[in-house]
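Chain letters run A, B, ... following the sequence lines, proteins first and then strands; every chain starts at 1.
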Amino acid sequence: MINITLPDNTVRQYPEGVTGVDIAKSISEGLARNVLSIQVDGHVMDATRSITADARIRLLTWSDLEGKATLWHSSAHLMAEAIEILYPGVKFGIGPDIENGFYYDIDFGDQAISSDDFPKIEKKILELAKEKQVFIRKDISKSEAISYFTKKGDEYKIELLEGLEDGQITFYESGRFTDLCRGPHVPDTALIKAVKLLSIAGAYWRGDEKRKQLTRIYGITFTKQKELDDYLVFLEEAKKRDHRKLGKELELFAFSQKVGLGLPLWLPRGAQLRERLEMFLKKVQKRGGYQQVICPHIGNVELYKTSGHYQKYGESSFRPITTPVEGEEFFLKPMNCPHHCEIYKTKPRSYRDLPVRIAEFGTVYRYEQSGELHGLTRVRGFTQDDAHIFCTPEQVKDEFKGVMDIVMLIFKALDFKEFIVQISLRDPENKDKYIGSDENWEKAERAIREVAEEQGLNTVIELGEAAFYGPKMDFMVKDALGRKWQLGTIQVDYNLPERFELEYIGNDNQKHRPVMIHRAPFGSMERFVAVLLEHTAGNFPLWLAPDQAIVLPISEKYQDYAKKVLTLLNNSDIRASVDDRNEKAGKKIRDAELMKIPFMLVVGEREESEGTVSVRRHGKGDLGPQSIGDFIAAVQEEMHQELGEL
RNA sequence: GCCGAUGUAGCUCAGCUGGUAGAGCAGCUGAUUUGUAAUCAGCUGGUCGGCGGUUCGAAUCCGUCCAUCGGCUCCA
């Protein structure tokens, strides 16, 4: 007998060789029906595999992330089987589970396929699922495995096998489909009750754009039809929060083919919003000892030769601008740091001056491949809330912490609760790839980790993801559809101070090289506004709303009173307007609700005679009459709550 | 840039298997003077993404280019 420890720490005894399914059965029939896989001493495996020694286990079902992953991985196999039946001769690349479902990369050869084929494939998948196919795990030698796929003519699997070690190779066989796979899989395919193929796309084999492009089919499966229905509703809801849709509806920004792709036009309401964000950050930065600067939008090619960006990105940038007579070359600036380095160099710096913090809302232009462009999140011209901190190596930690405080303040003011902090460090196996001394790297990496820890942040550490010039920390946020975007970034840089020969005089009267920290808490105004839109669905916090209130006179008779109210609001710095159209109140309210204006102030006979406004809150409905003074005070109080002392 | 899909009025969309376009909203004009999510009527508005081709005839079929959407690759 062996001892099995359950998650609640109870220990039960089972015969050696017991499986997850057996254990589930011994607990309840319902659990046995729903178990998808099992975690044994931290490793997820088939619920049908034998457990041969004492272990701590967790039975995984649909309510566990790992359980879903198992189902989706098995679903990928099932989809492959369906496709192999419907399209004989196809070859398979890889087919993993992902955050929301699974995909399989397939070489369809000459056979054409599109999303029109999805219903047929879905039908086949469900048909196969009902067969209650079991997944049979087989240890197989490398040579046998290679000979299997050679016979089958699947060069992709052979290539994958070549990277694997003999003795660690397993096949999984289910129904008529056998795949190279380390598992785990669900007990049988009947657990898959609903399937939806989501999209079809080209995907380069092994992520290499020089290699063949396979056809990737994305799908998702569920253990209940209801779960699929709910998911489809979620997708519909997410579409409504798409910043491109909201940006159009709320008249925040637009694109014009004539202006050029990826070049956003900020409409008055969007510009208003953006200005509020910039003012907010400027205030925070002023308090944090930053100095605002302004630089031109182009820079001489020599500037980028010095910074090294010319060598690395010259070819993938917008073509240089040349002067008509001298033929001098200028680049549209793709980043602000070289300009800021030159600002640092305008006078000799003493260690007493450090840190020097130079900030700018700098608009930069980068050539992005046309297929990359995406609303405001990926554009060719955008404004970074950039700043560069020049400091001594000893100051890096404090400065890093200062920047982090700013990022956290912003996230708090905007109610961003879900974000991922990614710390990118250098690859310890490959230290030569990086510039800067070991000592400085260690100091900076330690500083970043400590600061993150002190803040109590959930962090993900990525080794080898550091820039060649220094470690960094990125703040990632998801959009409505769960796609991850990088917003804020803090990067330590040893490279540019070297290339620009930046110096300061230390207390030893010797020249020293400062360390540079690049940081942008929003990242770019464009992307930040995009993500903010998707998070708030356009219902901005009061302090940010382009229009905070709109006065709605019941009829033309009350327009004068409405204008009087407006003046009082404007005098108190409340952004408002009057809807003086010849429309009924219901219409004006409807339109204001659709524009997501926080406060609607209905005024008519009663309000005029009593000096009040009838307040309606967006999404909440009628709040009843208030004196104008009380309303103003309430608005100011709410903004104060949102922003704190700022 | 690559793969796939899509592209009809300012917006949202209809237009079956080819017979030179239609609705609602918006806009304009007029009537109405309105009380918490759409007042009524009339009018204006489109070389059906661009360019070629097939056809007696193309929004509809074919080619190509552009843009958008979903991915891949990329992102200083």
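- Between A/His374 and the phosphate of B/G70, there is a side-chain N or O to OP1/OP2 separation shorter than 4.0 Å.
- Nucleotide B/U55 has no partner under the Watson-Crick or G-U criteria, as no pair reaches both atom distances under 3.5 Å.
- Looking at heavy-atom distances under 4.0 Å, A/Gly371 makes contact with a base.
- Residue contacts for A/Ser199: at a heavy-atom cut-off of 4.0 Å it reaches the sugar-phosphate backbone alone, with no base atom in range.
- Regarding contacts with the backbone of B/G71, a side-chain N or O of A/Arg483 is found under 4.0 angstrom from either OP1 or OP2.
- With P as the reference atom, B/G42 and B/G24 are 10 Å apart, rounded to whole Å.
- Salt bridge status for A/Lys478 with A/Glu99: present, with a side-chain N to carboxylate O gap under 4.0 Å.
- A/Gly604 comes within contact range of at least one nucleobase, with a heavy-atom separation under 4.0 Å.
- Taking atom P in both B/U60 and B/A21, the straight-line distance is 13 Å, to the nearest Å.
- The nucleotide whose nearest atom lies closest to any side-chain atom of A/Met335 is, among B/A37, B/A76, B/C72, B/A76.
- Rounded to whole Å, the separation between the P atoms of B/G49 and B/C11 comes to 13 Å.
- The aromatic rings of A/Phe528 and A/Phe522 sit tilted relative to each other, their planes meeting at an angle between 30° and 60°.
- The side chain of A/Ala201 sits closest to B/G71 out of B/G35, B/G71, B/G1.
- The listed nucleotides are B/A67, B/C72, B/C75; the one nearest the side chain of A/Arg366 is B/C75.
- If you find the closest nucleotide of RNA chain B to A/Arg581 and to A/Asp622, the one lying nearer the 5' end belongs to A/Arg581.
- As a whole-Å value, the separation of A/Ile550 CD1 from B/U36 P is 17 Å.
- Remark: the A/Tyr204 side chain and the B/G1 base include a donor-acceptor N/O pair separated by less than 3.5 Å.
- For A/Gln213, whose side chain is taken as the heavy atoms from C-beta onward, the closest listed nucleotide among B/C2, B/G35, B/C75 is B/C2.
- For the C1' atoms, the distance from B/A76 to B/C3 is 28 Å, rounded to whole Å.
- Residue A/Lys557 is classed as a sugar-phosphate contact, given heavy-atom separations below 4.0 Å to backbone atoms only.
- Taking the C1' atoms as reference points, B/C48 lies 13 Å from B/C13, given to the whole Å.
- For B/G7, the paired nucleotide is B/C66, the pair qualifying as Watson-Crick or G-U wobble because both relevant distances are below 3.5 Å.
- Residue A/Lys587 has its side chain nearest to B/C25 when only B/C75, B/C25, B/G1 are considered.
- As rounded to whole Å, 16 Å separates atom P of B/C3 from atom CZ of A/Arg216.
- Under the side chain to side chain contact (heavy atoms under 4.5 Å, CB included) test applied with A/Pro553, the options A/Lys563, A/Arg581, A/Lys588 reduce to a single match, A/Lys588.
- Taking the six-membered ring where tryptophan is involved, the planes of A/His388 and A/Phe390 are tilted, since the angle between them lies from 30° to 60°.
- B/G46 and B/G27 have their C1' atoms separated by 15 Å, given to the nearest Å.
- Side-chain contact annotation: A/Trp485 with A/Asp479, donor-acceptor N/O pair under 3.5 Å present.
- Closest to the A/Lys584 side chain, of the nucleotides B/U39, B/G4, B/G35, is B/U39.
- Candidate nucleotides B/U36, B/G35, B/C11 were compared by shortest atom distance to the side chain of A/Lys248, and B/C11 ranks first.
- Rounded to whole Å, atom P of B/U73 lies 17 Å from atom NZ of A/Lys212.
- With distances taken from any side-chain atom of A/Pro334 to the nucleotides B/G35, B/C72, B/A76, the minimum falls on B/A76.
- Contact between the side-chain N/O atoms of A/Arg244 and the OP1/OP2 oxygens of B/G70 is found at a separation under 4.0 Å.
- Summarising the geometry, the separation between CZ on A/Phe500 and C1' on B/A76 is reported as 13 Å, rounded to the nearest angstrom.
- In terms of phosphate contacts, A/Tyr218 brings a side-chain nitrogen or oxygen within less than 4.0 Å of OP1 or OP2 of B/C72.
- For the residue pair A/Gln486 and A/Arg527, the shortest heavy atom distance occurs at O-NH1, 2.9 Å.
- Applying the Watson-Crick and G-U wobble criteria (two distances, each under 3.5 Å), B/C43 pairs with B/G27.
- No contact: A/Gln486 has no heavy atom under 4.0 Å from any strand.
- Among the nucleotides B/U73, B/G70, B/G35, the one closest to the side chain of A/Gln369 is B/U73.
- Applying the 3.5 Å distance criterion, the base of B/U73 shares a donor-acceptor pair with the side chain of A/Glu372.
- Following rounding to the nearest Å, A/Ile554 (CD1) and B/A37 (P) show an atom-to-atom distance of 11 Å.
- For the pair A/Tyr231/A/Leu235, a side-chain contact is recorded, criterion being any heavy-atom separation below 4.5 Å from C-beta on.
- Rounded to the nearest Å, the gap between the C1' atom of B/U17 and that of B/U73 is 41 Å.
- With hydrogens and angles ignored, no donor-acceptor pair closer than 3.5 Å exists between the side chain of A/Arg211 and the base of B/C2.
- Residue A/Leu198 is out of contact with every strand shown, counting any heavy-atom pair closer than 4.0 Å.
- A perpendicular orientation is assigned to the rings of A/Phe318 and A/Tyr367, their planes being inclined by more than 60° (bins at 30° and 60°).
- For the pair A/Ser115 and A/Glu605, nearest-nucleotide mapping onto RNA chain B gives the more 5' position to A/Ser115.
- Atom name P, nucleotides B/U6 and B/G45: the rounded distance is 32 Å, in whole Å.
- With both pairing distances under 3.5 Å, B/C72 is matched to B/G1 as a Watson-Crick or G-U wobble pair.
- When the P atom of B/G50 is taken as reference, atom NZ of A/Lys258 falls 13 Å away, rounded to whole Å.
- Note: CD (A/Glu249) to P (B/C25) measures 18 Å, nearest angstrom.
- In this structure, A/Asp105 places its CG atom 15 Å from P of B/G4, rounding to the nearest Å.
- Nucleic acid contact class of A/Glu607 (heavy atoms, under 4.0 Å, all strands): base.
- Taking the centre of each ring, A/Phe92 and A/Tyr104 come in below the 6.0 Å mark.
- Nearest to the side-chain atoms of A/Ser614 among the listed nucleotides B/G70, B/G35, B/U33 stands B/G35.
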